[in-house]
Amino acid sequence: MEGGSLDNGRGKTATWMEQYRLMYDRATRHPFVLSIRDGTVDISAFKRWLGQDYRFVREFVPFLASILLKAWKDSDDNSDVEVILGGMASLNDELSWFKKEASKWDVHLGGIAPQKANLEYCRLLQNLMLPEIDYAVVITAFWAIETVYQDSFSLCLESGSKTPAELMETCKRWGNAHFKDYCRSLQKIADRCLENAPGDVVRKAEEAFLSVLEHEIGFWNMSSGES
Ligand SMILES: Cc1ncc(CN)c(N)n1
């Protein structure tokens with residue numbers, strides 16, 4: 001039996017976001033993000049996030065490469081490769097941005113050791129990179145990873161937010177409309193793959209979605225100095 005029939009005309013991803021709303025909100029409305037939005041952010045926590053996220057994004061490069069390979073081999077839609085390739089191209093730019101931002105904040109990226117929550121998140125990426133993990137599962141995880149950042153940082157750009165001027169560039173990097181369109185493209189790909197996937201693959205994709213949320217919460221906790 002195919003596992004991905006659309007619920008109420010919506011894709012699986014929207015259904016899961018609603019079904020796991022509490023957890024999704026914990027990942028996207030974390031106190032660390034809210035502290036950026038209300039201007040009370042502890043700058044040492046921001047610097048910790050910056051250094052740790054640089055390490056995470058470096059690990060994200062082989063993760064994306066593995067998805068690109070799976071899209072190339074397994075996808076029946078050529079435009080998937082173009083969307084993922086676009087994401088890879090902007091990672092190069094993102095790594096340069098981290099280096100520039102780190103020097104602005106006097107954060108020495110070379111000396112940063114990944115903390116426990118970061119290592120655990122990178123371990124999840126490594127598991128998802130294994131060749132036996134289905135394309136539908138990894139594209140779902142990828143969509144979730146990007147969308148959590150989009151939703152989190154766009155919150156800091158909403159009217160009425162008191163995001164400090166010196167953090168606006170960071171928030172715009174993931175909160176901007178172009179990044180939102182990119183997340184929507186990933187969501188469409190994930191929904192299409194899930195619609196055609198067998199039930200056990202859909203269940204694994206759901207688990208991957210929940211794992212991403214857990215690790216995102218852990219990452220914000222770590223940045224806040226809570227772990
Ligand atoms: C932890 C984390 N999650 C998501 C993203 C967005 N690529 C990121 N840079 N870092």
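Ligands are counted one by one from 1 in listed order, and the atoms in each one are counted from 1 as well.
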- prompt: In the protein, what heavy atom is nearest to atom 5 (C) of ligand 1, and what distance, to one decimal place, separates them?
  reply: Tyr149 CD2, 3.4 Å
message: Between Arg192 and Asp77 (salt bridge meaning N to carboxylate O under 4.0 Å), is one present in this structure?
response: yes
task: Pick one of side chain, backbone, both or neither for how Val57 approaches ligand 1, counting any non-hydrogen atom pair under 4.0 Å.
output: side chain
query: Any Lys/Arg nitrogen of Glu120 or Lys116 sitting under 4.0 Å from an Asp/Glu carboxylate oxygen of the other?
result: yes
field: Identity of the nearest option to atom 10 (N) of ligand 1, non-hydrogen atoms only, from Asn118, Asp53, Ile145
entry: Asp53
message: Quick check on contacts: which atoms of ligand 1 are under 4.0 angstrom from a heavy atom of Glu146?
response: 6 (C), 7 (N)
message: Measuring centre to centre across the rings, with the benzene-like ring taken for any Trp, is Tyr24 within less than 6.0 Å of Tyr20?
response: no
field: Salt bridge flag under 4.0 Å for residues Asp93 and Arg173
entry: yes
- request: Kindly check if the number of other-residue, nucleotide or ligand heavy atoms within 6.0 Å of CG (Leu22) is above 12?
  value: no
field: Where ligand 1 meets Glu216 - atom numbers and elements under 4.0 angstrom, heavy-atom basis
entry: 1 (C), 2 (C), 3 (N), 4 (C)
